[in-house]
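If you read the sequence from its start, that first residue is 1, and numbering goes on from there. Everything quoted here is computed from the prediction, not taken from an experiment. In each ligand, atom 1 is the first atom listed, and ligand 1 is the first ligand listed. In what follows, every heavy atom counts, from backbone to side chain, and hydrogens, waters and symmetry copies are set aside.
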Amino acid sequence: MSVTTQLLELFRVDKQLRGLRSRLDAAERFLTQQSGLLGDMDKQKATLEAQVKQLRATIANDEGEAARIEARASTLREQMNSAKTAKEYNTFLSELNTLKEQKTAADEKVLESMTKVEEAEKKLTEIKGQHDERSKIAGTAKTDRDAKSAEIKDRLAELTAQRQLLTTAVPPRELKMLEDLIKSRGDEAMVAIEVLDRRAHEGSCSACMMAVPVEAVSALMSGKLVSCPSCRCILFIEEATFTKEKKTKDPSLAAAIKKQKKAKEAEKEEAAKT
Ligand SMILES: [Zn+2]
């Protein structure tokens with residue numbers, strides 16, 4: 001078995017693995033995103049709850065202060081009634097006026113805090129509603145992730161074992177080359193060469209559409225590892241190419257493939273324009 005064939009087997013298993021994982025990855029990403037949003041809401045909720053608690057304590061304090069002032073004022077009023085001299089009376093009156101100001105200030109503080117507490121509670125209700133909604137979405141996301149994970153578990157284990165086995169057979173240098181290419185090019189790490197004329201060793205890379213030199217096609221046909229000189233992907237020859245060639249000696253085949261290639265090129269150009 002040529003190293004190209006070994007790499008191709010590995011590449012195909014790896015492609016299935018990546019495809020399988022990508023479905024789970026999407027579900028995983030969605031779950032992470034939803035959990036993050038839920039976490040933010042938890043924080044907002046906790047902040048608002050602390051705010052409400054703090055405001056309620058302030059209100060209780062100010063109300064206590066207002067009640068204390070009120071009690072002192074009623075004592076003063078009684079004392080004023082039994083004042084013996086005008087000077088005594090005026091002293092009580094002056095203190096009473098100061099107390100009235102203090103009472104007004106305390107009442108205003110209570111009102112202000114009450115407005116704030118109402119606002120905070122309104123926000124809290126909103127957040128709680130949003131939190132419930134988001135909890136449902138996050139719950140569904142988790143169920144979906146778990147289902148996908150369970151669904152692919154066996155196949156994933158199977159392919160992982162298969163990949164491991166194929167990996168051990170490939171020389172380390174070529175293995176690293178393929179793995180680097182998969183990282184940078186994904187599904188285009190290895191692509192088939194389009195053989196236009198097998199006898200003339202004429203072919204092109206089906207990823208970048210550039211012509212591959214005759215020597216490279218010959219090398220590939222003799223089982224050597226060949227990269228596309230333009231895009232650096234590893235080239236291979238589809239088994240179908242051999243069978244097609246064996247089955248038919250029709251010279252129009254090469255022409256047909258050439259035509260197909262041209263159509264593909266036009267398609268690519270068209271795609272590049274839009
Ligand atoms: Zn190429």
Side-chain angles (χ1 to χ4, degrees), residues 1-23 25-26 159-160 162-274:
M1 195 192 277
S2 74
V3 70
T4 305
T5 312
Q6 286 179 318
L7 286 176
L8 187 59
E9 278 187 2
L10 178 59
F11 174 63
R12 283 180 172 153
V13 169
D14 191 87
K15 192 174 167 181
Q16 286 186 64
L17 264 174
R18 277 181 286 126
L20 214 56
R21 280 203 199 102
S22 74
R23 291 177 54 216
D25 286 348
L159 284 169
T160 306
Q162 212 177 330
R163 189 190 188 283
Q164 180 55 37
L165 196 67
L166 289 169
T167 301
T168 53
V170 181
R173 204 175 69 93
E174 281 76 6
L175 177 64
K176 184 170 186 317
M177 183 180 169
L178 177 64
E179 283 177 338
D180 288 347
L181 277 168
I182 289 172
K183 263 180 220 151
S184 61
R185 302 179 52 107
D187 287 353
E188 284 197 334
M190 282 188 89
V191 305
I193 186 167
E194 285 189 51
V195 179
L196 303 174
D197 189 328
R198 195 166 156 77
R199 266 155 299 181
H201 290 182
E202 211 183 300
S204 69
C205 165
S206 60
C208 68
M209 309 304 287
M210 297 300 283
V212 177
V214 171
E215 313 81 68
V217 181
S218 308
L220 188 57
M221 281 176 168
S222 67
K224 292 207 176 80
L225 186 67
V226 174
S227 299
C228 167
S230 306
C231 71
R232 307 311 308 164
C233 67
I234 300 171
L235 295 168
F236 65 87
I237 300 179
E238 286 280 18
E239 282 147 44
T241 312
F242 289 105
T243 20
K244 259 189 218 162
E245 291 256 334
K246 271 176 200 160
K247 266 184 199 162
T248 169
K249 294 241 188 271
D250 188 357
S252 67
L253 179 69
I257 297 172
K258 245 182 190 169
K259 210 175 154 191
Q260 218 179 13
K261 188 197 159 197
K262 272 200 177 142
K264 219 174 178 180
E265 271 174 350
E267 224 173 78
K268 261 203 169 175
E269 271 172 32
E270 202 56 46
K273 268 184 220 161
T274 50

Side-chain donor-acceptor contacts of residues 170-180 below 3.5 Å, not counting sequence neighbours, with atom names and distances?
{"unit_1": "K176", "atom_1": "NZ", "unit_2": "D180", "atom_2": "OD2", "d": "2.6"}
{"unit_1": "E179", "atom_1": "OE2", "unit_2": "R163", "atom_2": "NH2", "d": "3.1"}

Going by the side-chain hydrogen bond (donor to acceptor under 3.5 Å, both in side chains) test, which pairs reach into residues 210-222, not counting sequence neighbours? H201-S218
For Q6 and A169, indicate whether the former's side chain and the latter's backbone hold a donor-acceptor pair under 3.5 Å. yes
Sorted by chain and number, protein N/O/S atoms nearer to the Zn ion (ligand 1) than 2.8 Å are C205 SG, C208 SG, C228 SG, C231 SG
Note: V212 and A216 closest approach over all heavy atoms is CG1-CB, 3.5 Å
Any sub-3.5 Å donor-acceptor pair from T4's side-chain atoms to F236's backbone N or O? no
Going by side-chain hydrogen bond (donor to acceptor under 3.5 Å, both in side chains), name the residues that satisfy it together with S2, two or more places apart in sequence or in a different chain. T5
